[in-house]
Number of protein chains: 2
Amino acid sequence: MSNDTKTMKNMDELAKLANVSVSTVSRALAGSTLISTKTRERIAKLAEEHNFQLNEKARNFRLKKTNMIAVVMMVDIKSGQHISDMFFLQMLGSLADALTAQGYDLLLTHIAIEDMPTIDRSRAFRQTDGIIFIGQGNQQEHLNRLADLGKPMVVWGAELENSHYCTVGTNNELGGYLATKHLLNLGRERIAFFGDINFPEPQQRYSGYCRALQEKGLPIDKSLQHNVPFDMTHANTEIHDLMQQGLKFDAAVCSSDLIAIAAIDAFNSYGVKVPDDIALVGFDDIALAALTQPPLTTVKQNITQGGHVIVRKLLAQINGDPASDTILKTELVVRRSSGAW
Amino acid sequence: MSNDTKTMKNMDELAKLANVSVSTVSRALAGSTLISTKTRERIAKLAEEHNFQLNEKARNFRLKKTNMIAVVMMVDIKSGQHISDMFFLQMLGSLADALTAQGYDLLLTHIAIEDMPTIDRSRAFRQTDGIIFIGQGNQQEHLNRLADLGKPMVVWGAELENSHYCTVGTNNELGGYLATKHLLNLGRERIAFFGDINFPEPQQRYSGYCRALQEKGLPIDKSLQHNVPFDMTHANTEIHDLMQQGLKFDAAVCSSDLIAIAAIDAFNSYGVKVPDDIALVGFDDIALAALTQPPLTTVKQNITQGGHVIVRKLLAQINGDPASDTILKTELVVRRSSGAW
DNA sequence: GTGAAAGCGCTAACAG
DNA sequence: CTGTTAGCGCTTTCAC
C-alpha cells in the first residue's frame, strides 16, 4: 500500500521518508560504501517504491558534467550531403554502442558549414563533455580553432599535417591504392576516380589511386577524375552527365559505396554492364554493399572498431590523458562488381 | 588588445567587467527589453570579445529544462535489428532537422527490449524534456506505463486500440492493401507476404494484404506469410531458406524496402528474375529504393513529414496542450520491381 | 533600467 | 557510519 502514484519531487522528500539526511540518501543511491548495506538497501527500496527520479539537471550542474557527447555532422547545404548518408549513420550506431557501454549518452547535432564559426556558442557544444566530428569536410581551420578551446574532441577523417586535434580514420591512401591496383591487376587500364578531392579523405584516396597508376607506369589522366559528391542522388545525376558526355573508361574507383551504387544505376540506363563493361570498386563497405547487384568490391572501413577507438580517445582526453591519432587497418573486400570472378 | 585567450568562468566575471550586476548580464544576454539597448549591446560585445560561454548546466538546472529530446530505438538482441536500419536512420535525420528548427537538441539512445521496464530510471529519460520512440516493437504495455508517468511522449508506429500515448504513423493497412491490389491488378495470384506479424505495423500491413485478396475473392494462404525480420542480413538468409524449401509464388509484398532488397539478392542466387518471375513491392521508400536493380515499387512512408509531425505533437505536449494521433497520407510509388512496365 | 537576494536539488568537505 | 552545511551559476521576484 506504500505505492503512491505521483512521483516524488526530490531527495529531501525521500530523506524525510527514510528518516535520514539528504546526504545519506545521495550517498546511498550512489552506492557509496560509507553507508551501511542495510541503510543503502532500505533507501534503494524506498526510492523504487515511491518511484523516485533523481534530478539529473541538478546533478549535472553540481558535478559540472553531463555524461553527454556531441556527435556532429557537418551539412553542406549546397552539396546536399545529408544526415541520411549511410556511412555516417552506421558510424552513429557504432558510436552509440560504444558510448552507451561507457555510460555516456549521445547528443546528435548537425550543423551547416556556414555556422561552423559559431559552433562553440551552440547549446550542443556547451552542454556536452566532449565532441566528435564525423568527417572533417574542408573545415580544417575551424576544427583547429575549436580544438584550441580545450574541449575534448576527436575527428573521424584524414590525418592532416597541421591538425590541433585527435584524428581517427582509415588509411585512405592505402585504400585508394589497393582498389586501383586490384583493377589494374584485372587488366583494366582506363580507370576513373569518382570523389571530391577538395575534401581530405577523397583526396588521400586519390593519392593512392595515382600511386598505383604510377607504379604500373601509367599516366595520370586528369579527365578521369571527377568531383562526384558523396550524396547518392546527386552522384547519380553527376554520373549520368558523365556518360552523356561520352567519357570512356573501363573501370572506376568510387570514393564511397553510395557513389558506386549510384554509378551502377547510371550505367544501367546506358546499357553498360558492371563488371563486364566497367569494373567498379567502392569505399566503406556499408551493410548494403554485399546485397547490391552485383555485390560491391569495396575498401572496408571498420566502422565498429572506428567507433570504439573514437570513444576511447575521447574519454582519454576527458580524463586528462593525451590521445594520439589512430589509423585503422584497411583492406579490400572483393565481390563481383570488380569482375574478379 | 582586450582579447584574452582563456575563457571566462561565469556571468559574475562578465558583470564585473561591465560594471553591472549579474542580473543585468543575464537579462542582457537573454535579450530582455528591460535593459537599455545600449547596455545590451555593450554586454553582448564584451561577452563576444572575452569568449563568454554561458553555463548551460546551471541554466538547465534553474529552468528545469534541457531543450533536449530523447529519441529511442528499441533493439532486439535476438532479432538483431540494429540501429543501422535505414528507415530508422532516415527518420532520425528528419527528426534532427525538425527538432533543430524548434531549438531542441536530439539525444540518441538505444535500449535493449529487456531494459524497457527500467527505462524511466535511465539518464536519457531524466535528462530530456520529452521522448520519441521510433517503432513500438511489441512493447505496448511498457509504452503505456511510460506514458502514464506523464512525460511528453510520441511514438512512431501503428495506432492501437488501447494506447495511452500519442501515435504518428503511416496508414499501414492501406499501404498493405495498395501494394497487394497493385500486384493483383498485374495478374499475380500467389502473393507472398514477408514481415513479422507479431509486430503492430507489419500486422496491419498484413491485414491490408488480406483485405485486397478477399476483395478479389482469393483465399488467404497462410503458407505464404512469413515472419521475416526487418534486418537486412537476417532477412536475406530467411528468404534463402524459403527458396530452398521450394515455396512457390509469383509475387511478394515486403514489409520494408530492406526486406525487398534482401529478397532480390536471394532470388538472384536461384536464378529467379524480378519482376519477370517474381514481382516485388517494398515498404518505406527509403532513398535507396529508386536505385536498386530493378528499382523498387514501394509504399511510401513520408519520413520528412513524419518527423515534423512527431515534433509538433511532442512540443504541443511540452506546452501542456493535448496531442491527437495522426495517420499520414499513404501512397504507392510504382517502379520496375512490380513489373508494371 | 538596474541591483539585491533567494533558491533551484544535488554532492562533498568537514565534523562528529 | 551519518548529519550539517556550503555552494555550484543561473534566473527571477521584488525593491528602488
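Just so it is clear: chains get the letters A, B, ... in the order the sequence lines come, proteins before strands, and each one is counted from 1. Scope of the values below: all heavy atoms of this structure, side chains included, with no hydrogens, waters or symmetry mates.
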Qualifying residue for side chain to side chain contact (heavy atoms under 4.5 Å, CB included) with A:Asn60, from A:Lys57, A:Glu56, A:Arg62: A:Glu56
Do the side-chain N or O atoms of A:Ser36 get closer than 4.0 angstrom to the phosphate oxygens (OP1, OP2) of D:dT2? yes
Any side-chain N or O of A:Lys38 under 4.0 Å from OP1/OP2 of D:dC1? no
Identify, residue by residue, the members of residues 55-63 of chain A with a heavy atom below 4.0 Å from DNA chain C, and return them in order of residue number, or none. A:Asn55, A:Ala58, A:Arg59, A:Phe61, A:Arg62, A:Leu63
Contacts of A:Val22 and A:Ile35 projected onto DNA chain D by closest heavy atom; the upstream (5') one is A:Ile35
Can you tell me how far P of C:dA12 sits from CG of A:Leu29, to the nearest Å? 13 Å
Any side-chain donor paired with an acceptor under 3.5 Å for A:Asp97 and A:His308? no
When you measure from the side-chain N and O atoms of B:Thr24 to the phosphate of C:dG3, is any distance below 4.0 Å, counting only OP1 and OP2? yes
Whole angstroms only, please: what is the CG-P distance between A:Asn10 and C:dC8? 9 Å
Kindly say whether A:Asp321 contributes a backbone atom to a donor-acceptor pair with the side chain of A:Asn319 at under 3.5 angstrom? no
Pull out every protein N or O sitting under 3.5 Å from an N or O of nucleotides 13-15 of chain C, one pair per line with the distance.
residue	atom	partner	partner atom	Å
C:dA13	N6	A:Arg27	NH1	3.3

Once you round it to whole Å, what is the distance between C1' of D:dG9 and CD of A:Gln127? 15 Å
When the nearest nucleotide of DNA chain C is assigned to B:Val25 and to A:Ala30 on a heavy-atom basis, which residue is associated with the more 5' position? B:Val25
Under-4.0 Å side-chain N/O to phosphate OP1/OP2 contact, A:Ser26 with C:dC10: no
Identified salt bridge (charged side-chain N to carboxylate O under 4.0 Å, His left out) partner of B:Asp129 from the options B:Lys65, B:Lys64, B:Lys151: B:Lys65
A:Ala18 backbone acceptor or donor facing A:Arg42 side chain under 3.5 Å: yes
Is the shortest heavy-atom distance from the side chain of A:Leu92 to the side chain of B:Leu92 under 4.5 Å? yes
Closest heavy-atom pair and its distance - A:Asn162, A:Gln140: OD1-NE2, 3.1 Å
Rounded to the Å, how far apart are B:Asp12 CG and C:dA4 P? 11 Å
Rounded to the nearest angstrom, tell me the gap between atom NZ in B:Lys65 and atom C1' in D:dT11. 15 Å
Five pairs at each end of the helix from C:dG1-D:dC16 to C:dG16-D:dC1: take the axis at both ends and give me the angle between them to 10°. 30°
Is any side-chain heavy atom of A:Leu46 less than 4.5 Å from a side-chain heavy atom of A:Phe52? no
From CD of B:Glu13 across to P of D:dG9 the rounded distance in Å is 10 Å
A:Thr39 side chain near D:dT2 phosphate (N/O to OP1/OP2, under 4.0 Å): yes
Atom NZ of A:Lys64 and atom C1' of C:dC10: how far apart are they, to the nearest Å? 12 Å
Please give, in whole Å, the distance from C:dC10 P to B:Arg123 CZ? 16 Å
Go through B:Glu41 and B:Lys45 one step at a time and tell me if the salt bridge (charged side-chain N to carboxylate O under 4.0 Å, His left out) criterion holds. CA-CA 6 Å; B:Glu41 281 171 355; B:Lys45 185 152 158 289; over 6 Å; no
Contact check, side chains of A:Thr326 and A:Arg312, non-hydrogen atoms, under 4.5 Å: no
Without swapping roles, check the side chain of B:Gln317 against the backbone of B:Met153 for a donor-acceptor pair under 3.5 Å. yes
What pair of heavy atoms forms the shortest contact from A:Ser26 to A:Met11, and how long is it? CA-CE, 3.6 Å
